[in-house]
Amino acid sequence: MTAPALEDLLRELTPQVLGALVRRHGQFEGCEDAVQEAVLAAAVQWPAEGVPDNPRGWLVTVASRRLIDQVRSDHARRDRESATAADVVPEDVPDTDDTLVLLFLCCHPALTAASQTALTLRAVGGLTTAEVARAFLVPEATMAARISRAKQRVRAAGSSFTLPGGAERQDRLRVVLHVLYLIFNEGYTASSGSELHRADLAREAIRLARMVHAQLPGDGEVTGLLALMLLTHARREARTTAAGDLVPLDEQDRAKWDRELIGEGTGLVKASLAGPALGPYQLQAAIAATHADAATAGETNWPQVHALYLIMERIAPNPMVTLNRAVALAEIAGPSAGLALLSALDSDERLAGHHRLLSVRAHLLEKAGDTAGAYECYRGAASATASIAEQRYLESRASRLRPRVPPRSPR
């Protein structure tokens, strides 16, 4: 098995194994640590010895032994696991996938919304603590403490490992969908590193969204989120050059878009919009479908995109929504109109110094003919992002506009 395939397998199995342990032992915090130990052991042993016939059972067995022995010293534990893990005989593990139950457990009402999201990203989504910290724009140490406290609160609450019902399910569902949205965004545009995207995270978010949709097929927002993921993921192959450089939407080769995913996503959009209410995921999916319908960038129905963003601003106000509406407005009424809308965001602390605001302003200034202003904004945006792929793109845009220094006159 190749290294990427092994990583995908372990990412898929991790929440399943954690769910199995929590159902059996009821110790969320200890179970999460035990599963991480088991996954590490698998990552070391399986490449050399082969993947066992029952990899899920193998992980459950090793994690269970780790949980039972956790009171012993770290050194003794490592020696014991190293000596015995190769001879593990998988326990009788139920076929039930408890990932969905685990998702709702991580969104326990005893936790704050921020802690619910952080814990789910860590325990179910497979993000590292550093990646979760970047999603929340806080230091890694702060996020590590938050996740630790969240696990302790879940344990203290003594909740049962079952799906909630009624109003409680709806409350937790909103957090679950937001978490899956964050996981997908980290996969689609990595917040740092040399690669623009992390397909493993995007695929995991889609897998979990499909699971939730299978449980709640009539929920418009669940359907809308899955549609949004599919329509966005369909553009992945066209988003970078062979060298890994970012290609903006209006310059992408649309022949590389995955038409099968677009077809599925478009069908889900139509289904989600047929319901009595509209939510932000349904509207974002409708916007993605509008872009997918255009054979070329020039054929994009920008008035429709702008109208959908206007509705989003009314039902779910957010500075990023306004930022995206400014792009659509500029396509309809010119860059000056878009820049005027952006000026309303300058006092919003949530976007202060954000590379997205700077890059959009640079784009609109360039379209307006202000090359000097665009140059400075592109440079500022490049320095504000931790994504190397985005840095290269923004720096390349700036380099085209770099002011020429006139030659010095001879004395």
What are the two closest non-hydrogen atoms of Leu273 and Ala286, and how far apart are they?
CD1-CB, 4.3 Å
Scanning both residues in full, the closest heavy-atom pair of Ala289 with Leu231 reads N-CD1, 3.7 Å
Between Arg24 and Val60, is a side-chain contact (heavy atoms from CB on, under 4.5 Å) present by the stated rule, with each step listed?
CA-CA 10 Å; Arg24 178 180 297 174; Val60 169; 3.9 Å; yes
For Asp33 and Lys151, what are the C-alpha separation, side-chain angles and deciding distance, and is it a salt bridge (Lys or Arg N to Asp or Glu O under 4.0 Å)?
CA-CA 11 Å; Asp33 292 338; Lys151 290 189 286 188; 3.6 Å; yes
Between Gln304 and Thr290, does any side-chain donor sit less than 3.5 Å from a side-chain acceptor?
yes
I want to check something: taking the side chain as every heavy atom from C-beta on, are Leu225 and Leu180 in contact at a cut-off of under 4.5 Å?
yes
Does the side chain of Thr240 come within less than 4.5 Å of Val247's, by heavy atoms?
no
Hey, does the side chain of Ser383 reach the backbone of Gly380 with a donor-acceptor pair shorter than 3.5 angstrom?
yes
CZ/Arg361 to CG/Asp370 distance, rounded to the nearest 0.5 angstrom?
11.0 Å
Worked verdict on Lys256 versus Glu237 for salt bridge (Lys or Arg N to Asp or Glu O under 4.0 Å):
CA-CA 6 Å; Lys256 294 181 178 180; Glu237 294 297 330; over 6 Å; no
Separation between CD1 of Ile287 and OG1 of Thr300, rounded to the nearest 0.5 Å
12.5 Å
Quick one about Ser64 and Thr61 (side-chain donor to acceptor, distance below 3.5 Å, no hydrogens or angles considered), yes or no?
no
Taking CD in Glu251 as the centre, count heavy atoms belonging to other residues, nucleotides or ligands within less than 6.0 Å. Is the count above 12?
yes
When Met320 is tested against each of Met312, His354, Arg325, Arg350 for side chain to side chain contact (heavy atoms under 4.5 Å, CB included), which residue passes?
His354
Could you tell me if the side chain of Tyr188 sits less than 4.5 Å from the side chain of Arg239, heavy atoms only?
yes
In terms of heavy-atom contacts, Ala150 and Leu119 come closest through CB-CD2, 4.2 Å
Side chains of Leu100 and Leu103 in contact at under 4.5 Å (non-hydrogen atoms):
yes
What pairs with Trp257 under ring-ring contact (aromatic ring centres under 6.0 Å, His included), at least two apart in sequence or on another chain?
none
When every non-hydrogen atom of Gly244 is compared with those of Ala389, the smallest separation belongs to O-CB, 4.2 Å
Would you find a donor on one side and an acceptor on the other, under 3.5 Å apart, between the side chain of Thr120 and the backbone of Val124?
no
Using every non-hydrogen atom in the two residues, find where Arg146 and Ser115 come nearest and quote the distance to one decimal.
CG-OG, 3.6 Å
Consider only side-chain N and O atoms of Thr322 and Glu313, and report whether a donor and an acceptor are under 3.5 Å apart.
yes
Is there side-chain contact between Asp258 and His233, with heavy atoms separated by less than 4.5 Å?
no
Measure the shortest side-chain to side-chain distance between Arg392 and Leu246 over non-hydrogen atoms and say whether it is less than 4.5 angstrom.
no
Within the structure provided, determine whether Leu283 and Tyr309 are in side-chain contact (heavy-atom separation under 4.5 Å).
no
Using only heavy-atom distances, determine whether the side chains of Gln116 and His108 contain a donor-acceptor pair under 3.5 Å.
no
Please test Thr385 against Glu390 for side-chain hydrogen bond (donor to acceptor under 3.5 Å, both in side chains), starting from the C-alpha separation and ending with a verdict.
CA-CA 7 Å; Thr385 179; Glu390 288 186 319; 3.0 Å; yes
Can you confirm whether Glu349 is buried at CD, in the sense that more than 12 heavy atoms of other residues, nucleotides or ligands lie under 6.0 Å from that atom?
no
Atom of Ala205, atom of Met229 and distance for their closest heavy-atom approach
O-SD, 3.7 Å
Just wondering, are more than 12 heavy atoms of other shown residues or ligands nearer than 6.0 Å to CG in Asp346?
yes
Pairwise side-chain contact, Leu10 with Leu59, heavy-atom cut-off 4.5 Å (strictly under):
yes
Cut-off 3.5 Å, side chains only: do Tyr378 and Glu366 have a donor facing an acceptor?
yes
